[in-house]
Visitor: 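Okay, here's the structure, questions in a sec.
Keep in mind it's a predicted model, so treat the numbers as computed, not measured.
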Amino acid sequence: MAEKCNPYENMLCNLDAAAQKLGYSLDEYISLRYPERELIVSVPVKMDDGSVKVFKGYRVQHSSSRGPCKGGIRYHQDVDLDEVRALAAWMTWKCAVVNIPYGGAKGGIQVDPTQLSLGELERLTRRYTSMILPILGPEKDIPAPDVNTNAQVMGWIMDTYSMFKGYAVPGVVTGKPLEVGGSLGRPEATGRGVMFTVVELAKRLGWDLKGLKIAVQGFGNVGSVAAKLLKDKGCKIVAISDVSCGLYNPDGIDIDRVLEYKADSPNCLIKGYTEEGISTITNKQLLTMDVDVLIPSALENQIDAEIARELKAKVVVEAANGPTTTEGDKILNERNIPVVPDILANAGGVVVSYFEWVQNNQMFMWDEEKINSMLERVMIEAFDGVWSMHQREKVTLRMAAYMVALDRVIKAKKIRGIFP
Ligand code: NAD
């Protein structure tokens with residue numbers, strides 16, 4: 001993408017604008033412009049060939065005003081401090097928008113995990129965990145999966161932390177395998193939350209879900225589940241993509257068959273999948289396709305100024321974190337294309353992470369039906385809150401979500417005051 005953006009600067013623009021709109025003075029929110037704590041670690045790993053490589057790792061805690069810090073860990077070659085900072089702050093707003101008692105954090109390692117063996121990945125994860133361990137804990141900071149990390153990685157983090165403590169501490173991390181205290185419904189939770197968001201949006205816009213044309217960029221944990229659940233609701237998923245290619249079928253892609261194909265393909269990619277009527281498309285073609293709903297579910301900065309000018313979707317639902325640049329967002333607003341922001345649309349994951357942590361603290365497991373119905377309730381309430389703010393204040397959905405979130409965080413900060 002041509003436009004070079006600093007994701008943390010993007011976040012600050014939204015923060016300042018929302019605070020001003022709410023009428024708060026700079027003194028009342030200035031500390032939220034800075035992360036509370038940042039840890040940078042150099043993580044040595046013995047590789048399979050006997051050599052030693054050192055990877056850069058981060059953990060940033062943006063705010064703990066409303067509760068323990070919460071946020072995923074990302075493994076990607078482009079991870080840097082500004083990205084992790086932005087992602088940490090977004091977690092603060094996300095937890096506040098859905099009103100769960102957490103602050104925000106994020107972690108990451110600058111690494112291309114596809115170049116590592118399973119053993120190297122485990123050693124990297126365990127060493128990184130041991131190096132950020134002083135700031136982790138079920139009452140302090142609770143990681144979860146993000147791009148290129150999964151339940152197994154969370155299992156290693158849980159085990160490493162537990163070995164240091166001398167007893168099992170399942171509540172230190174969420175998104176774990178079921179066998180070690182994970183929650184039913186957690187792997188699908190973010191995609192399920194995206195589905196609830198589209199359903200709520202369709203209700204407000206008076207749209208029928210049947211035949212609604214949808215394009216989904218990114219077919220990982222979030223995008224593939226959102227596509228599957230929306231297809232099950234009767235929507236037509238006409239385009240999907242991952243890092244390997246994009247696929248288009250005007251009659252709707254058979255998402256169940258793609259999922260089966262992906263499960264057996266090397267590196268879990270969709271490249272090579274065929275069905276009648278399908279053709280391959282570029283990333284840009286997918287993002288600018290004439291559809292009802294565009295769901296970016298890959299990485300940030302995908303909808304920049306150029307894409308925003310050419311985008312033809314009627315609405316954008318941000319399943320990824322930060323997929324729209326500040327410039328891109330401005331253009332979409334000028335073109336009256338509504339954007340359901342990431343901090344609302346993809347909050348389903350952290351909501352069920354919260355349920356997982358509560359179950360760990362209670363030493364009790366809930367059934368999946370209960371989890372999914374509680375997730376639905378939380379997502380609908382959050383959507384209602386943001387939609388009302390959007391209508392009442394005549395602001396974009398993004399601004400409305402920031403305003404709902406910021407108001408809650410600032411109020412919590414005020415009540416707690418500044419120590420000492
Ligand atoms: P993932 O690694 O499972 O999937 C990412 C997908 O994006 C993969 O299909 C990958 O091939 C694809 N991709 C990467 N680069 C691409 C490109 N240039 N063009 C097209 N596709 C590309 O990750 P995920 O967990 O699904 O996360 C996706 C996004 O959702 C991220 O922004 C993440 O921060 C956000 N998110 C994830 C969760 C969660 O619970 N996993 C929760 C909230 C937000």
Visitor: Mark yes or no for whether Q359, through its side chain, and F355, through its backbone, hold a donor-acceptor pair below 3.5 Å.
Guide: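 Side chain of Q359 to backbone of F355: a pair is present.
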Visitor: I337 and V316: which non-hydrogen atoms are nearest, and at how many Å?
Guide: CG2-CG2, 4.4 Å
Visitor: Please evaluate residues M131 and V43 with respect to the criterion side chain to side chain contact (heavy atoms under 4.5 Å, CB included), reporting the C-alpha separation (whole Å), side-chain torsions for both, the decisive distance (0.1 Å), and the verdict.
Guide: CA-CA 8 Å; M131 294 177 85; V43 190; 4.2 Å; yes
Visitor: Is there side-chain contact between I237 and I240, with at least one heavy-atom pair below 4.5 Å?
Guide: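 Sidechains of I240 and I237: in contact.
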Visitor: Would you call L15 and M11 a side-chain contact if the rule is heavy atoms closer than 4.5 Å?
Guide: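 Side-chain contact under 4.5 Å: yes.
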Visitor: For E369, is the CD atom crowded, meaning more than 12 foreign heavy atoms sit under 6.0 Å from it?
Guide: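 At most 12 heavy atoms, drawn from other residues, nucleotides or ligands, come within 6.0 Å of this atom.
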Visitor: Quick one: does H390's side chain have a donor or acceptor within less than 3.5 Å of a partner on A400's backbone?
Guide: no
Visitor: Which one of V111, I40, V79 satisfies the side-chain contact (heavy atoms from CB on, under 4.5 Å) criterion with K56?
Guide: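 The option that passes is I40.
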Visitor: Sequence neighbours left out, cut at 3.5 Å: what donor-acceptor pairs do the side chains of residues 84-96 make with other protein atoms?
Guide:
residue, atom, partner, partner atom, Å
R85, NE, E38, OE2, 2.5
R85, NH1, D82, OD1, 3.1
R85, NH2, E38, OE1, 3.0
R85, NH2, E38, OE2, 3.2
W90, NE1, Y402, OH, 3.1
T92, OG1, H62, ND1, 2.7
T92, OG1, G104, N, 3.3
W93, NE1, A89, O, 3.4
K94, NZ, N321, OD1, 2.9
K94, NZ, N346, OD1, 2.6

Visitor: For N249 and E275, test the side chains for any donor-to-acceptor distance below 3.5 angstrom and give the result as yes or no.
Guide: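 Result is yes, a qualifying pair exists.
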Visitor: Do any N or O atoms from the side chain of N360 and from the backbone of G181 form a donor-acceptor pair under 3.5 angstrom?
Guide: yes
Visitor: Which is it for E120 and K53 under the salt bridge (Lys or Arg N to Asp or Glu O under 4.0 Å) test, yes or no, and what are the steps along the way?
Guide: CA-CA 10 Å; E120 289 166 344; K53 276 197 182 158; over 6 Å; no
Visitor: Can you see which heavy atom on V60 is nearest to which on P35, and at what distance?
Guide: CG1-CB, 3.7 Å
Visitor: Using only atom types and a distance under 3.5 Å, with no angle test, would you say the side chain of R123 pairs donor to acceptor with the backbone of K46?
Guide: yes
Visitor: Considering non-hydrogen atoms only, spot the tightest contact between M403 and K21 and give its length.
Guide: CE-CG, 3.4 Å
Visitor: What are the two closest heavy atoms between V222 and A319, and how far apart are they?
Guide: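 Where V222 meets A319 most closely, the heavy atoms are CG1-CB, 3.8 Å.
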Visitor: Can a salt bridge be assigned to the pair E334 and K330 using a cut-off of 4.0 Å between side-chain N and carboxylate O?
Guide: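 No, E334 and K330 are not salt-bridged.
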Visitor: Should the heavy atoms of other residues, nucleotides or ligands under 6.0 Å from NZ of K312 be counted, would the total exceed 12?
Guide: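 Yes, because the 6.0 Å sphere around NZ of K312 holds more than 12 heavy atoms from other groups.
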Visitor: We want to know whether Q217 and S241 form a side-chain donor-acceptor pair, criterion being a heavy-atom distance below 3.5 angstrom.
Guide: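 No pair is found: no donor N or O on one side chain lies under 3.5 Å from an acceptor on the other.
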Visitor: So do I73 and P145 actually touch side chain to side chain, heavy atoms under 4.5 Å?
Guide: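 Not touching, per the 4.5 Å side-chain cut-off.
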Visitor: Look up atom CD1 in I135 and atom CD in E36, then write down how far apart they are to the nearest 0.5 Å.
Guide: 11.0 Å
Visitor: Taking C-beta and beyond as the side chain, do L184 and L178 meet within less than 4.5 Å on heavy atoms?
Guide: yes
Visitor: What do the steps show when you test T280 against Y248 for side chain to side chain contact (heavy atoms under 4.5 Å, CB included), and what is the final call?
Guide: CA-CA 6 Å; T280 56; Y248 171 64; over 6 Å; no
Visitor: In plain terms, say whether K106 and E83 are close enough for a salt bridge, that is, a side-chain N and a carboxylate O under 4.0 Å apart.
Guide: no
Visitor: Tell me, do M289 and V238 make a side-chain contact under 4.5 Å, heavy atoms counted?
Guide: yes
Visitor: I want to check something: taking the side chain as every heavy atom from C-beta on, are W387 and L397 in contact at a cut-off of under 4.5 Å?
Guide: yes
Visitor: Would you say the ring centroid of Y29 lies under 6.0 angstrom from that of Y24?
Guide: no
Visitor: Determine yes or no for a side-chain-to-main-chain donor-acceptor pair under 3.5 angstrom, with S51 supplying the side chain and D49 the backbone.
Guide: no
Visitor: Could you tell me which non-hydrogen atom of V98 sits nearest to which non-hydrogen atom of V378, and how far apart they are?
Guide: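 Closest pair (atom of V98, atom of V378, distance): O-CG1, 3.7 Å.
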Visitor: Step by step, work out the side chain to side chain contact (heavy atoms under 4.5 Å, CB included) result for Q302 and N283.
Guide: CA-CA 9 Å; Q302 297 301 298; N283 196 36; 3.6 Å; yes
Visitor: Would you call K262 and D242 a salt bridge, taking side-chain N to carboxylate O under 4.0 Å as the test?
Guide: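 Result for this pair is no, no salt bridge flagged.
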Visitor: Can you tell me if E200 uses its side chain to pair, donor with acceptor, with the backbone of D384 under 3.5 Å?
Guide: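 Checking the backbone N and O of D384 against the side chain of E200, no donor-acceptor pair under 3.5 Å is found.
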Visitor: Hydrogens and angles aside, do R186 and S353 bring a side-chain donor and acceptor to less than 3.5 Å of each other?
Guide: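 Yes, side-chain donor-acceptor contact under 3.5 Å.
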Visitor: Within the 4.5 Å heavy-atom criterion, are P170 and V180 side-chain neighbours or not?
Guide: no
Visitor: Do S64 and Y102 pass the side-chain hydrogen bond (donor to acceptor under 3.5 Å, both in side chains) test, and can you show the C-alpha distance, the side-chain angles, and the key distance before you say yes or no?
Guide: CA-CA 7 Å; S64 59; Y102 281 145; over 6 Å; no
Visitor: Would you say K70 and T174 are linked by a side-chain donor-acceptor pair, where the criterion is simply a distance under 3.5 Å?
Guide: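 Present: a donor and an acceptor within the cut-off.
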Visitor: Given T160, which partner from the list R126, R127, E122 fulfils the side chain to side chain donor-acceptor pair (under 3.5 Å) test?
Guide: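 One option only clears the test, and that one is R126.
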Visitor: Can you find a pair of side-chain heavy atoms, one from S42 and one from F55, that are under 4.5 Å apart?
Guide: no
Visitor: Quick one: does any side-chain atom of T288 pair with a main-chain N or O of E310 as donor and acceptor, under 3.5 Å?
Guide: no
Visitor: Under a 3.5 Å distance rule, please check whether R335 uses its side chain to pair with a backbone N or O of L311 as donor and acceptor.
Guide: yes
Visitor: Looking only at heavy atoms, what is the nearest atom pair of Q61 and C69, with distance?
Guide: CB-SG, 3.7 Å
Visitor: Could you pull out all residues at least two apart from W207 that satisfy ring-ring contact (aromatic ring centres under 6.0 Å, His included)?
Guide: none
Visitor: Would you kindly say whether T325 and N301 are connected by a side-chain donor-acceptor distance under 3.5 Å?
Guide: no
Visitor: May I have the step-by-step check of salt bridge (Lys or Arg N to Asp or Glu O under 4.0 Å) for D292 and K213, ending in yes or no?
Guide: CA-CA 5 Å; D292 297 307; K213 274 200 293 177; over 6 Å; no
Visitor: Rounded at 0.5 Å granularity, tell me how far CD in E356 sits from CE in M154.
Guide: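 Answer for the CD-CE pair, E356 versus M154, is 10.5 Å.
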Visitor: Keeping K271 on the side-chain end and S265 on the backbone end, is there a donor-acceptor pair under 3.5 Å?
Guide: no
Visitor: Does Q391 use its side chain to pair, donor to acceptor, with the backbone of S388 at less than 3.5 Å?
Guide: no
Visitor: Evaluate the ring planes of Y261 and Y273, with Trp represented by its six-membered ring, and classify them as parallel (under 30°), tilted (30 to 60°) or perpendicular (over 60°).
Guide: perpendicular
Visitor: Between Q152 and W156, does the side chain to side chain contact (heavy atoms under 4.5 Å, CB included) criterion hold? Intermediate values first, please.
Guide: CA-CA 6 Å; Q152 174 59 78; W156 290 327; 2.9 Å; yes
Visitor: Looking just at side-chain N and O atoms, do T326 and N10 make a donor-acceptor pair shorter than 3.5 Å?
Guide: yes
Visitor: Salt bridge check: are K284 and E306 linked by an N-O gap of less than 4.0 Å?
Guide: yes
Visitor: Begin from the C-alpha positions of D251 and K236 and carry the test salt bridge (Lys or Arg N to Asp or Glu O under 4.0 Å) through to its verdict.
Guide: CA-CA 7 Å; D251 298 325; K236 209 194 267 186; 5.2 Å; no
